[in-house]
Amino acid sequence: MKLTRFAIAFLSSLLPVAALAQDAAPKDTVAIVRDLGPLADNLVLAVSMDRSANGSVVFSSAQQALQGVFFGPVRFVKDGDRQCVNFATPGAILKALPPLKIDRTYTLATWMKLPCPGNHGIVWESLHESPLVAAGDHFGYIQKDVEGTYCTVKDLTGWHHVAVTCDGSQMTFFLDGESRGTAPVVLRESLQTIGTATYRKPEVNTQCDCLDDMFIFNRALNQAEIGQLSKVRLPIHEPTPADLAGQISRPTPAELAANRAANHPEANNPAPNVAANDNGASADAAELVKTYRNSLVFVSGTNGAGSGFLATYGKGSFLFTNAHVAAGVKGAGFKTLNGDAVQVGAASAAVGHDIVLMQTAPGGKPFEIMQGVDKEAAIGDAVVVLGNAEGAGVVNTIMGHIVGIGPNLVEVDAPFVPGNSGSPIIHIKSGKVVGVATYVMINKMDPVTKKPLSKPVLRHFGYRIDSVKAWQPINWAAFAAQAATMENIEAMTKDLVKLIVDIDRTGRITPGLHTNPAIKSRIDDWLGQKHTHMSQTDTETANYNFVSYLKSLCRTDVVGAHASLTYDYFQRQLTEQERDRDALADGFGQVLKTIKR
């Protein structure tokens with residue numbers, strides 16, 4: 001994350017000193033803040049619903065910076081004076097990456113076209129709950145598959161403004177600016193999808209029709225504020241010709257393979273020009289679940305969840321998962337699909353791979369690891385990822401194909417998500433594991449032209465087990481300590497970036513926003529000095545020291561961690577963090593050059 005010219009210029013001018021030439025703040029943000037007035041202080045997210053770029057997200061707060069990605073047959077349509085998204089075709093969805101966390105107080109608002117094409121048009125959805133459903137003649141909510149009702153309204157057609165607020169004790173539904181009903185519940189998880197739901201029964205159509213101008217706030221707005229909000233329009237960006245020419249859908253294996261070599265050096269085998277034959281693949285996947293149900297493992301702890309699997313390796317039986325799952329899930333416990341606890345013994349981490357294995361007692365029917373993936377499997381072969389459905393403890397069968405094979409990685413187009421981390425990627429034809437589902441990349445730029453893509457390309461990677469050359473025995477106390485060190489370093493990076501995003505978005509440092517003690521104390525001291533009567537020289541010295549401290553903060557903890565991190569996995573993480581910190585430090589260094597001393 002580099003400092004933008006605006007952030008550098010602002011830091012310099014704020015001090016005050018001879019500054020760089022300032023760019024204007026982003027036009028969208030300026031217009032949104034102007035039109036919302038005081039409501040802008042609590043704005044978390046604004047979605048224009050007009051094009052595929054960034055999922056139409058035109059504003060995202062510094063606290064929860066995120067993006068959106070459209071999946072399935074989404075259509076961008078002109079409806080009167082609205083440029084909006086049509087979700088009517090089954091499978092069309094907008095997904096928040098990462099999921100948008102919501103607290104006990106919030107407001108969700110959007111314009112919605114009625115009636116919905118199916119019986120249940122679900123506007124917002126978390127893993128088990130939906131705060132707003134337009135179902136036939138009523139508006140309601142879903143809590144753990146139990147549906148409640150706000151109000152009954154018959155024969156509504158055309159565009160209507162809908163909103164749900166939560167004050168920490170109950171939810172209130174607003175229709176066209178008027179309060180129409182309450183519910184004595186608090187739905188408080190995270191918003192994951194927009195436009196439909198992913199957990200309802202397959203026979204229930206949960207698609208919305210068109211949605212437009214969506215806002216999310218971190219407090220409950222009152223009726224007058226909801227009425228004001230309904231009059232605010234987000235800036236419109238014309239969709240690209242590619243958006244309008246066809247449907248936005250998940251990239252095909254051929255599309256992913258075409259970009260593979262240019263985007264990732266590890267996945268360098270050429271892809272064939274023929275599509276894989278999927279006949280019977282789904283049935284085979286279902287049979288694999290039946291055969292290996294006792295070898296599919298759910299990983300859960302106090303702060304997260306993941307997946308794993310039992311497999312034979314060498315002469316032993318082991319539980320496999322990702323190193324980042326083992327590092328990130330505190331107090332991890334392991335259970336099979338049947339709910340049986342899995343007892344684990346000695347553990348090791350793979351060098352150069354995001355994989356951990358733990359000894360287990362033989363039992364059931366463990367998976368078999370494919371040896372020589374680059375020889376035994378081929379581009380276009382059908383695969384299935386059997387994973388923990390978004391951490392919910394439910395197995396989902398995610399179908400796809402191999403689109404790239406590299407020395408350490410296998411790339412597939414099976415659209416697994418972070419909750420599936422640690423799942424086995426299974427080669428349908430042989431029934432063997434070709435990799436451990438690990439991470440998703442989002443390509444926004446064309447690798448050749450370096451220009452923005454009209455629709456982001458999602459790429460899914462797993463680490464090969466057969467290519468591991470060395471293992472490091474794990475001492476869990478040391479592993480946990482090093483995981484905590486990296487967690488603190490990553491948190492500091494995010495907090496430094498949040499400071500820059502705050503400056504870039506608001507044109508100032510927002511009081512109370514930056515709570516990291518190392519940052520907050522210096523901001524408080526510096527702002528306190530500026531309220532005293534200081535000479536010009538003392539002011540410039542204080543300014544220089546403030547920015548110099550921020551620059552040093554970019555490197556202090558990273559440098560100190562080099563001596564303490566012994567596991568290869570954390571060392572590679574540190575290298576990635578170091579690159580980001582160097583970019584931040586260079587930006588602060590540019591500011592220092594503008595300050596007179």
Side-chain angles (χ1 to χ4, degrees), residues 36 38-47 57 59-66 68 95-110 122-133 139-151 161-175 177-194 197-199 214-230 300-305 330 390-392 418-419 491 494-495 498 502 510-516 520:
L36 286 178
L39 297 182
D41 292 340
N42 296 100
L43 181 62
V44 173
L45 188 73
V47 188
V57 173
F59 178 96
S60 180
S61 69
Q63 297 96 318
Q64 294 202 52
L66 51 77
K95 194 156 192 171
L97 295 176
L100 177 64
K101 296 179 182 178
I102 57 175
D103 211 331
R104 294 186 63 84
T105 59
Y106 54 83
T107 297
L108 316 174
T110 191
I122 295 184
V123 184
W124 299 285
E125 184 236 1
S126 64
L127 187 59
H128 296 292
E129 303 173 338
S130 172
L132 184 60
V133 183
F139 288 94
Y141 60 92
I142 296 174
Q143 185 177 40
K144 300 187 184 303
D145 289 338
V146 176
E147 190 168 337
T149 299
Y150 293 117
C151 65
H161 189 262
V162 295
V164 174
T165 67
C166 182
D167 63 5
S169 60
Q170 69 174 13
M171 298 190 302
T172 302
F173 169 66
F174 293 84
L175 177 63
E178 298 290 332
S179 175
R180 299 298 299 270
T182 61
V185 295
V186 175
L187 302 189
R188 177 179 171 241
E189 285 191 24
S190 60
L191 295 181
Q192 301 194 34
T193 60
I194 293 170
T198 57
Y199 69 88
M214 182 174 293
F215 291 92
I216 297 176
F217 299 85
N218 60 10
R219 72 173 175 88
L221 304 187
N222 58 41
Q223 183 161 320
E225 291 170 327
I226 295 290
Q228 174 192 342
L229 180 64
S230 68
S300 60
T302 58
N303 66 325
K330 292 180 174 61
E390 303 196 24
K494 291 178 181 177
D495 288 335
K498 185 167 77 170
D502 179 34
T510 304
L513 176 61
H514 307 286
T515 57
N516 185 306
K520 181 181 184 301

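Being a predicted model, the structure only gives us computed values, none of them experimental.
In this structure, Glu178 and Leu175 have side chains that are not in contact, with every pair of non-hydrogen atoms separated by 4.5 Å or more. Here the side chains of Glu129 and Trp124 are not in contact, with every heavy-atom distance at 4.5 Å or above. Looking at Ile216 and Leu100, their side chains come closer than 4.5 Å, going by heavy atoms from C-beta outward. Between Met214 and Ile194, some side-chain heavy-atom pair lies under the 4.5 Å cut-off. Using a 4.5 Å cut-off on side-chain heavy atoms (C-beta onward), Leu39 and Glu225 make contact. With contacts defined as side-chain heavy-atom distances shorter than 4.5 Å, the pair Leu221/Leu229 qualifies. Under the 4.5 Å side-chain criterion, counting only non-hydrogen atoms from C-beta, Phe217 is not in contact with Leu108. Contact check for Phe215 versus Leu36: side-chain heavy atoms found under the 4.5 Å cut-off.
Heavy atoms only, all atoms of each residue included: Val186 and Arg104 are closest at CG2-NH2, 4.0 Å. Of all heavy-atom pairs between Gly177 and Ile226, the closest is CA-CG2, 4.1 Å. Taking each heavy atom of Cys166 and Ala220 in turn, the nearest pair found is O-CB, 3.4 Å.
The one candidate from Thr107, Asn42, Asp103, Thr105 that meets the side chain to side chain donor-acceptor pair (under 3.5 Å) condition with Asn218 is Asn42.
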Apply the test side chain to side chain donor-acceptor pair (under 3.5 Å) to residues Glu125 and Thr193: give CA-CA distance (whole Å), side-chain angles for both, the deciding distance (0.1 Å), then the verdict. CA-CA 5 Å; Glu125 184 236 1; Thr193 60; 2.4 Å; yes
For a side chain to side chain contact (heavy atoms under 4.5 Å, CB included) check, start with the C-alpha distance between Val164 and Thr172, then their side-chain angles and the critical distance, and finish with the verdict. CA-CA 6 Å; Val164 174; Thr172 302; over 6 Å; no
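With values rounded to the nearest 0.5 angstrom, Thr515 atom OG1 is found 9.0 Å from Lys520 atom NZ. Atom-to-atom distance recorded for Lys498:NZ and Asn516:CG is 8.5 Å, nearest 0.5 angstrom. Atom OG of Ser130 is separated from atom CD of Gln143 by 11.5 Å, given to the nearest 0.5 angstrom.
Judged by distance alone, with hydrogens and angles left aside, the side-chain atoms of Ser60 form no donor-acceptor pair with the main-chain N or O of Leu45 at under 3.5 Å. Gln170 places no side-chain N or O within donor-acceptor distance of the main-chain N or O of Thr182, the cut-off being under 3.5 Å. At distances below 3.5 Å, not a single donor-acceptor pair connects side-chain atoms of Thr149 with backbone N or O atoms of Cys151.
Scanning for ring pair (Phe, Tyr, Trp, His ring centres under 6.0 Å) contacts around Phe139 gives Phe173, with sequence neighbours left out. Considering only residues two or more places apart in sequence or on other chains, His161 meets the ring pair (Phe, Tyr, Trp, His ring centres under 6.0 Å) condition with Trp111.
Aromatic ring centroids of Tyr150 and Tyr141 lie under 6.0 Å apart.
Side chain to side chain, Ser179 and Gln223 fail the donor-acceptor criterion of an N or O pair below 3.5 Å.
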